[in-house]
Amino acid sequence: MTGSRPAWQANSESNSCEKCRRHFTLVYRRHHCRGCGKVVCDKCSEHRVVLPESYNYGPNKQRVCDTCYVTLVAIEYQVGLEQGKVVPPDYTAIRADLLTRVKSYLSLSESGWGSEGDSNGVKVWVRTVEGSQVSCIRSKLLIKAPIKKVMEVYSNMEVWKSWNPYVSSRTIEQIDPTSKVMSAVYEFPVIDKRDSCFYTSIMESSTFDSLNDAKGLTVAAISVDHPLCPIESGMVRSDMFMSLSLLEPVDDGIHTHFTSIVHSDPRGLLPPFVFNAFLTRGADHLRGMAKFIEAKLQS
């Protein structure tokens with residue numbers, strides 16, 4: 001974002017937000033992003049930043065849309081790296097931590113898992129983890145699609161809203177073809193908004209001794225700190241101890257066994273038992289994902 005302040009888009013040019021396309025009403029009002037000049041809604045322009053001097057807005061923070069915010073923060077990060085003012089995350093240490101945690105969760109004794117039953121084809125187990133007040137949830141289901149098709153959908157978080165309307169995400173930094181840092185925002189009914197910043201990596205399951213399937217894939221994620229993902233005002237930053245997805249081809253590769261292990265602390269003023277009860281509903285989201293993938297395969 002360089003140059004002078006852009007001209008504002010005329011209100012008459014758009015009856016809906018240029019970002020989310022939600023229609024404006026007398027209550028759901030228009031706003032202008034000071035970064036690009038586009039007409040946007042309040043939800044899509046919650047960020048406030050100091051714009052470049054050439055924009056002539058002075059030292060005060062201005063309203064910007066989500067797109068401009070991401071661009072501005074990325075520019076500041078790159079400049080900081082070049083000037084030696086910003087220290088990038090130590091991805092070697094982070095990956096080592098991730099591998100250690102994956103092995104730890106895979107080695108949890110089977111006897112510690114208590115069955116929560118079968119929810120529309122998704123089997124759910126819950127267990128406690130030493131030193132943590134929040135439960136660890138394991139879910140399993142069969143997806144009637146080959147592993148390649150499952151990964152095409154599962155690795156694209158932009159389509160997650162198709163089965164989980166409460167989550168939105170963006171890539172913070174692509175580290176290599178199989179690893180990246182992401183941010184996710186969770187807007188649950190009644191519960192305060194929460195977000196997470198996490199490092200995620202796709203690995204062959206043969207990486208781990210306890211997973212002997214050479215054709216399987218493991219997707220793991222843990223919380224990290226990143227300069228491009230600061231904690232925002234009014235947002236509670238959750239702590240992802242482990243999000244682990246195991247994909248195993250079955251039926252000669254026609255179908256996929258999908259196992260999810262999630263252990264996360266929501267933080268904030270939310271009693272752990274409330275969050276634990278909510279987590280078990282994740283089976284609905286997994287079933288929604290499976291239906292989405294299977295429908296996509298048939299289309």
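Given the structure is predicted, the values throughout are model-derived calculations rather than measurements.
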* **Distance in Å, Lys123 NZ paired with Leu286 CG, rounded so as to fall on 0.5 Å steps** => 14.5 Å
* Asked: More than 12 foreign heavy atoms under 6.0 Å from CG of Asp252: is that the case here?
  -> no
* Below 4.0 angstrom, N of the basic side chain to O of the carboxylate: do Lys85 and Glu82 qualify? -> no
* **Check: Arg48 main-chain N/O paired with Arg34 side-chain donor or acceptor under 3.5 Å** => no
* **Identified ring pair (Phe, Tyr, Trp, His ring centres under 6.0 Å) partner of Phe292 from the options Trp160, Trp163, Tyr154** => Trp163
* Among Ser169, Ser168, Ser196, find the residue that satisfies the side-chain hydrogen bond (donor to acceptor under 3.5 Å, both in side chains) test when tested with Tyr186. => Ser196
* To do: Return yes when atom CD of Glu53 has more than 12 non-hydrogen atoms of other residues, nucleotides or ligands closer than 6.0 Å, and no otherwise.
  => no
* Would you say the side chain of Arg287 lies within less than 4.5 Å of the side chain of Leu141, judging by non-hydrogen atoms? -> yes
* Asked: What distance do Gln174 atom CD and Met182 atom CE have between them, rounded to the nearest 0.5 Å?
  -> 9.0 Å
* Asked: How far apart are the C-alpha atoms of Met242 and Val262, what are their side-chain angles, what is the distance that settles it, and do they pass the side chain to side chain contact (heavy atoms under 4.5 Å, CB included) test?
  -> CA-CA 6 Å; Met242 173 55 62; Val262 178; over 6 Å; no
* Asked: Does NZ belonging to Lys296 count more than 12 external heavy atoms closer than 6.0 Å?
  -> no
* Is the shortest heavy-atom distance from the side chain of Asp225 to the side chain of Cys197 under 4.5 Å? -> no
* Is the backbone of Asp239 close enough, under 3.5 Å, to the side chain of Ser264 for a donor and an acceptor to pair up by distance? -> yes
* Same apolar cluster (I L V M F W Y, side chains within < 4.5 Å links), Val129/Ile222 -> no
* To do: Using a 4.5 Å cut-off on heavy atoms from C-beta on, say whether the side chain of Ile94 contacts that of Pro89.
  => yes
* Asked: For Arg127, what residues pass the side chain to side chain donor-acceptor pair (under 3.5 Å) criterion, not counting sequence neighbours?
  -> none
* Glu116 side chain to Val124 backbone, donor-acceptor under 3.5 Å -> no
* Minimum heavy-atom distance between Arg101 and Met240, given as atom pair plus value -> NH1-O, 3.9 Å
* In terms of hydrophobic clustering (I, L, V, M, F, W, Y; side-chain heavy atoms under 4.5 Å; direct or indirect links), are Tyr199 and Val102 co-clustered? -> yes
* Shared hydrophobic cluster for Tyr166 and Val236 (ILVMFWY, side-chain gaps under 4.5 Å) -> no
* For the residue pair His263 and Phe241, does the interplanar ring angle fall in the parallel (under 30°), tilted (30 to 60°) or perpendicular (over 60°) class? -> tilted
* Linking I/L/V/M/F/W/Y whenever any side-chain heavy atoms sit under 4.5 Å apart, do Trp8 and Tyr55 land together? -> yes
* To do: Decide yes or no for Cys229 and Arg237: does some side-chain heavy atom of the first lie under 4.5 Å from some side-chain heavy atom of the second?
  => yes
* Asked: Arg21 and Ser16: side-chain donor and acceptor closer than 3.5 Å?
  -> yes
* Asked: What distance do Lys291 atom NZ and Lys144 atom NZ have between them, rounded to the nearest 0.5 Å?
  -> 11.5 Å
* Shortest non-hydrogen contact from Ser179 toward Arg95 -> OG-NH1, 3.9 Å
* To do: Locate the shortest heavy-atom distance separating Ser223 from Ser238; write the atom from each residue and the value.
  => OG-O, 3.9 Å
* Can the ring centres of His226 and Tyr77 be said to be less than 6.0 Å apart? -> yes
* Between Ser54 and Ser4, is a side-chain hydrogen bond (donor to acceptor under 3.5 Å, both in side chains) present by the stated rule, with each step listed? -> CA-CA 5 Å; Ser54 60; Ser4 59; over 6 Å; no
* Sidechain-backbone polar pair: Thr256 side chain, Ile147 backbone, donor-acceptor under 3.5 Å -> yes
* Stepwise side chain to side chain contact (heavy atoms under 4.5 Å, CB included) test for Ser201 and Leu98 -> CA-CA 9 Å; Ser201 183; Leu98 176 75; 3.9 Å; yes
* To do: Report yes if the side chains of Ile172 and Lys180 come closer than 4.5 Å at any heavy-atom pair, otherwise no.
  => no
* Asked: Heavy atoms, side chains only, cut-off 4.5 Å: are Val134 and Pro266 in contact?
  -> yes
* If you round to the nearest 0.5 Å, how far is CD of Glu18 from SG of Cys41? -> 11.0 Å
* Asked: Does Thr259 reach the side chain of Arg138, with side-chain heavy atoms less than 4.5 Å apart?
  -> yes
* Between CD1 of Ile75 and CG of Leu228, what distance do you get to the nearest 0.5 Å? -> 11.0 Å
* Asked: Which atoms form the tightest heavy-atom contact between Val40 and Cys33, and what is the distance?
  -> CG2-N, 4.1 Å
* Asked: Would you say the side-chain atoms of Thr218 pair up with the backbone N or O of Glu204, donor to acceptor, closer than 3.5 Å?
  -> no
* Are there more than 12 heavy atoms of other residues, nucleotides or ligands under 6.0 Å from atom CG of Asp251? -> yes
* **Nearest-0.5 Å distance, CE of residue Met203 to CG of residue Leu99** => 6.0 Å
* On the ring face of Tyr28, is Arg22 found with NZ or CZ under 6.0 Å from the centre and within 45° of the axis? -> yes
* For the pair Ser104 (side chain) and Thr100 (backbone), establish whether a donor and an acceptor sit closer than 3.5 Å, ignoring hydrogens and angles. => no
* To do: Spell out, as yes or no, whether a donor-acceptor pair under 3.5 Å connects the side chain of Arg5 to the backbone of Asn56.
  => yes
* What do the steps show when you test Phe258 against Ile293 for side chain to side chain contact (heavy atoms under 4.5 Å, CB included), and what is the final call? -> CA-CA 12 Å; Phe258 190 100; Ile293 295 171; over 6 Å; no
* Within a radius of less than 6.0 Å around CD of Glu158, do more than 12 heavy atoms belonging to other residues, nucleotides or ligands occur? -> no
* Looking at Cys17 and Cys20, what are the two nearest heavy atoms and their distance? -> SG-N, 3.5 Å
* Identify the heavy atoms of Val50 and Gly58 that sit nearest to each other, and give their distance. => CG1-O, 4.1 Å
* So, Ser115 side chain and Gly117 main chain: donor-acceptor pair closer than 3.5 Å or not? -> yes
* Are Val185 and Phe198 connected in a single hydrophobic cluster, I mean Ile/Leu/Val/Met/Phe/Trp/Tyr linked by side-chain heavy atoms less than 4.5 Å apart? -> no
* Any donor-acceptor N/O pair, Arg267 side chain to Arg194 backbone, under 3.5 Å -> no
* Asked: Does the pair Leu72 and Leu51 meet the rule for a side chain to side chain contact (heavy atoms under 4.5 Å, CB included), with working shown?
  -> CA-CA 8 Å; Leu72 284 165; Leu51 289 164; 3.7 Å; yes
* With Asp42, the salt bridge (charged side-chain N to carboxylate O under 4.0 Å, His left out) member among Arg63, Arg30, Lys19, Arg29 -> Arg63
* Salt-bridge test for Lys140 and Glu248: reply yes if a basic N is under 4.0 Å from a carboxylate O, no otherwise. => no
* Is there side-chain contact between His32 and Asn11, with heavy atoms separated by less than 4.5 Å? -> yes
* Side chains of Ser260 and Ser245, donor plus acceptor under 3.5 Å -> no
